[in-house]
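As the structure lists them, so they are numbered: ligands from 1, and atoms in each ligand from 1. Numbers here simply count residues along the sequence, with the first being 1.
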Amino acid sequence: MNARITCPVLGTKVVSAEEAVAHIRPGDRVGMSGFTGAGYPKAVPRALADRVRAARARGEEFRIDLWTGASTAPDADGVLAEAHAIGRRLPYNSDPTLRREINSGEVEYLDVHLSHSAQHMWFGFYGNLDVAVVEVTAILPDGRLVPSSSVGNNKTWLDQADKVILEVNHWQPRELEGFHDVYYGTALPPYRQPIELTDPTQRIGDQYLRVDPRKVVAVVETHSPDRNAAFSPLDETSIKIAEHLVDFLQAEVAADRMPKELLPIQSGVGNVANAVLAGLSRSTFSGLAAFTEVLQDGMLDLLDDGTLDFASATSFGLSDAGVKRFMDNIADYKGKILLRTEEISNHPELIRRLGLICMNGMIEADIYGNVNSTHVMGSSIMNGIGGSGDFARNAYLNFFVSPSTAKGGAISAIVPMVSHVDHTEHDVMVIVTEQGLADLRGLSPRKRARAIIENAAHPDYRDALRDYVERAEAARPNALHTPHLLDEALSWHQRFLETGHM
Ligand code: 0RQ
């Protein structure tokens with residue numbers, strides 16, 4: 001018998017990807033595994049894209065609604081977007097082809113908080129889930145599933161779908177068994193109970209995913225790597241951002257606002273977030289814990305050099321080198337890494353209880369501290385809000401990090417008014433750029449404006465920002481709480497669209 005598929009019942013269901021996709025119909029709602037390029041199905045999306053193209057060549061329309069954990073990869077979101085196979089998509093995407101389809105209006109994109117995606121499904125807000133397509137590492141004799149390199153929304157998709165297609169990926173290390181904690185205690189209101197997790201290292205669930213074998217219509221075998229995108233090398237800008245942040249954390253410890261091992265850290269996606277982790281690695285901190293979403297290369301560095309003792313996440317998000325390092329040392333990492341469902345990794349109750357330090361990237365912030373994480377010039381989506389809202393709103397302390405300019409200095413990341421709001425001034429605590437750090441805690445809006453302009457804005461844009469605030473304050477002396485010039489507030493963005501420079 002196949003060493004990865006030892007369940008006699010499910011072992012009889014092995015078919016090719018082409019046969020498996022016959023179970024997916026036009027208009028179906030399909031829940032796929034996958035989170036930041038890890039654990040997504042590798043064969044079914046391509047076969048489905050071929051089927052959609054063939055249908056369209058016959059003049060038949062064929063689109064699905066696609067729900068995932070978070071971003072997948074070119075061989076999942078990418079191939080389906082190229083085939084114009086997606087009608088509606090949630091929650092987080094970073095694939096450039098799909099991004100184009102969303103921004104051209106062809107795909108409807110629901111940019112929901114990651115912690116909401118599973119519960120909204122359970123509440124029935126998105127309708128019935130027709131098919132789940134979930135990558136696993138192995139199927140045990142009793143039909144339980146060893147999850148792969150991400151857990152994401154897989155539990156919910158497997159529970160909720162009418163039909164299930166499993167992909168068993170032989171590339172995933174069999175030793176992943178024991179790295180997961182799948183919580184099955186989630187009841188719906190009004191029957192919800194407290195989630196009894198009080199420490200990032202704690203196990204509260206099962207090592208395995210469950211599936212009703214009667215729902216499994218196909219099992220497909222693959223041998224394909226995860227996306228494993230490389231990170232940009234650390235540059236001067238990201239090193240400076242990290243230094244400001246680490247200095248600030250050290251000052252918080254000195255001021256007795258945090259223990260010397262800090263509080264559990266969460267770090268977002270992207271190059272800057274990865275650089276911040278590298279900064280922690282160069283710091284004097286040790287004995288830290290992470291309660292986060294994605295385990296990037298920077299987290300492995302921290303585990304390897306002893307800065308970090310333990311990391312709880314929902315997914316890996318490693319480069320090729322990171323994957324090799326993880327696989328070569330997998331036995332050493334066991335017991336130090338736990339992958340949970342994204343309902344739990346991003347749960348507001350747990351983020352608040354554990355008191356997380358949350359560090360996420362942003363596109364832009366305004367002078368009052370509203371943050372845009374998702375939209376370029378107000379209208380084009382970049383990736384999505386992902387977990388940044390779950391973490392920022394409920395954090396003990398949150399940081400939004402970004403270079404102070406984008407596109408070679410043509411864009412200021414600090415603007416009079418953000419062109420789209422993801423995190424409001426009520427949620428945002430600290431803004432960090434390579435210029436410095438603006439600590440907004442306890443500051444009224446007008447003081448926040450000064451702190452952001454003087455500490456975080458690029459010097460090339462500071463005079464214009466000061467001028468904006470001063471004129472706004474003078475314009476309406478009876479409206480000084482959050483002064484704005486409404487006819488100018490978004491003029492920087494308009495100027496960029498017209499001239500290519502803010
Ligand atoms: O574009 O690739 O075309 O050059 O945005 O910018 O500076 O490389 O930053 O990789 O850290 O990503 C907010 C997108 C930052 C990310 C964002 C352009 C810039 C470049 C990337 P190019 P950088 P990063 C939990 C947390 C939301 C989700 C989240 C993100 C590209 O952090 O998606 O936080 N966050 N989840 O040129 C126009 C500006 C710009 C700009 C940057 N002001 N205007 N373009 N760019 N600033 C994890 C999950 O939820 C899964």
**Asked** Is there a donor in the side chain of Asp301 and an acceptor in the side chain of Ser281, or the other way round, less than 3.5 Å apart?
**Response** no
**Between Gln160 and Arg29, a side-chain donor and acceptor under 3.5 Å** = no
**Ligand-side contact atoms (ligand 1) for residue partner Val272, heavy atom cut-off under 4.0 Å** = 11 (O)
**Item:** Ligand-side contact atoms (ligand 1) for residue partner Gly361, heavy atom cut-off under 4.0 Å
**Value:** 13 (C), 32 (O)
**Message:** Is it true that Asn346 and Glu293 share a donor-acceptor pair across their side chains at a distance under 3.5 Å?
**Reply:** yes
**Per-atom contact, atom 3 (O) of ligand 1, protein heavy atoms, under 4.0 angstrom** = yes
**Prompt:** Out of Gly152, Ser388, Ala273, Gly384, who gets a non-hydrogen atom closest to atom 27 (C) of ligand 1?
**Reply:** Gly384
**Request:** Return the residue, atom name and 0.1 Å-rounded distance of the protein heavy atom closest to atom 35 (N) of ligand 1.
**Result:** Ser373 O, 3.9 Å
**Prompt:** Does the protein place any heavy atom closer than 4.0 Å to atom 31 (C) of ligand 1?
**Reply:** yes
**Prompt:** Considering only heavy atoms, does Tyr92 approach ligand 1 within less than 4.0 Å through its side chain, its backbone, both, or neither?
**Reply:** side chain
**Asked** Can you list the ligand 1 atoms lying under 4.0 Å from a non-hydrogen atom of Ile411?
**Response** 38 (C), 39 (C), 43 (N), 44 (N)
**Complete:** Taking only non-hydrogen atoms of Thr36 and a 4.0 Å limit, the atoms of ligand 1 in range are 51 (C)
**Ligand-residue contact atoms, ligand 1 with Met382, heavy atoms, under 4.0 Å** = 5 (O), 14 (C), 18 (C), 31 (C)
**Item:** Enumerated ligand 1 atoms positioned under 4.0 Å from heavy atoms of Asn271
**Value:** 8 (O), 10 (O), 11 (O), 24 (P)
**Fill in**
Taking only non-hydrogen atoms of Gly386 and a 4.0 Å limit, the atoms of ligand 1 in range are 50 (O)
**Heavy-atom nearest neighbour in the protein, as seen from atom 43 (N) of ligand 1, with distance rounded to 0.1 Å** = Ile363 O, 2.9 Å
**4.0 Å protein heavy-atom contact status of atom 12 (O) of ligand 1, strictly under** = no
**Request:** Output yes when a protein non-hydrogen atom is found under 4.0 Å of atom 17 (C) of ligand 1, and no otherwise.
**Result:** no
**Request:** Please work out whether any backbone atom (N, CA, C, O) or any side-chain heavy atom from C-beta onward of Thr374 is under 4.0 Å from ligand 1, and answer side chain, backbone, both or neither.
**Result:** neither
**Asked** Can you tell me if NZ on Lys334 sees more than 12 non-hydrogen neighbours from other groups inside 6.0 Å?
**Response** yes
**Asked** Under 3.5 Å between some N or O of ligand 1 and some N or O of Val376?
**Response** no
N/O donor to acceptor pairs below 3.5 angstrom from side-chain atoms of residues 376-383, sequence neighbours left out:
| from | atom 1 | to | atom 2 | distance (Å) |
| --- | --- | --- | --- | --- |
| Asn383 | OD1 | Arg99 | NH2 | 2.8 |
| Asn383 | ND2 | Tyr92 | OH | 3.4 |

**Message:** To the closest 0.5 Å, what do you measure between CD1 (Ile452) and OG (Ser404)?
**Reply:** 13.5 Å
**Prompt:** In terms of ring plane angle, is the pair Trp67 and Trp157 parallel, tilted or perpendicular, where the classes change at 30° and 60°?
**Reply:** tilted
**Request:** Run the numbers for me: atoms of ligand 1, each under 4.0 Å from some heavy atom of Gly268, listed by number.
**Result:** 25 (C), 26 (C)
**Complete:** Sequence neighbours excluded, the answer for ring-ring contact (aromatic ring centres under 6.0 Å, His included) partners of Phe125 is His120, Phe123
**Message:** Under 4.0 Å from atom 6 (O) of ligand 1, can you find at least one protein heavy atom?
**Reply:** no
**Asked** Under 3.5 Å between some N or O of ligand 1 and some N or O of Gln266?
**Response** no
**Request:** Please determine if Arg100 and Glu106 form a salt bridge, counting it only when a charged side-chain N lies under 4.0 Å from a carboxylate O.
**Result:** no
**Request:** Classify the ring geometry between His375 and His420 as parallel (under 30°), tilted (30 to 60°) or perpendicular (over 60°).
**Result:** parallel
**Prompt:** If you measure only the distance, is there a donor-acceptor pair under 3.5 Å linking the side chains of Ser388 and Asn360?
**Reply:** no
**Fill in**
In terms of its nearest heavy atom to atom 26 (C) of ligand 1, the top option of Ile385, Asn360, Asn383, Val371 is Asn360
**Complete:** Output for pair (Arg495 CZ, Glu498 CD), nearest 0.5 Å, gives 9.0 Å
**Asked** Strictly by modelled atom types, are Ser373 and His423 linked by a side-chain donor-acceptor pair under 3.5 Å?
**Response** yes
**Message:** Just to be sure I'm reading this right: ignoring hydrogens, which of Ala406, Pro96, Ser404 gets closest to atom 42 (C) of ligand 1? Compare them by their nearest heavy atoms.
**Reply:** Ala406
**Asked** Only one of Arg46, Arg227, Arg89 forms a salt bridge (charged side-chain N to carboxylate O under 4.0 Å, His left out) with Asp77, so which one is it?
**Response** Arg89
**Request:** Only heavy atoms count here, so choose which of Glu293, Glu364, His423 is nearest to atom 49 (C) of ligand 1.
**Result:** Glu293
**Prompt:** Considering only protein heavy atoms, which is closest to atom 20 (C) of ligand 1, and at what distance to one decimal place?
**Reply:** Lys407 NZ, 4.4 Å
**Nitrogen or oxygen atoms of Met362 and ligand 1 under 3.5 Å apart** = no
**Prompt:** Is Leu302 close to Leu277 at the side-chain level, that is, under 4.5 Å between some pair of heavy atoms?
**Reply:** yes
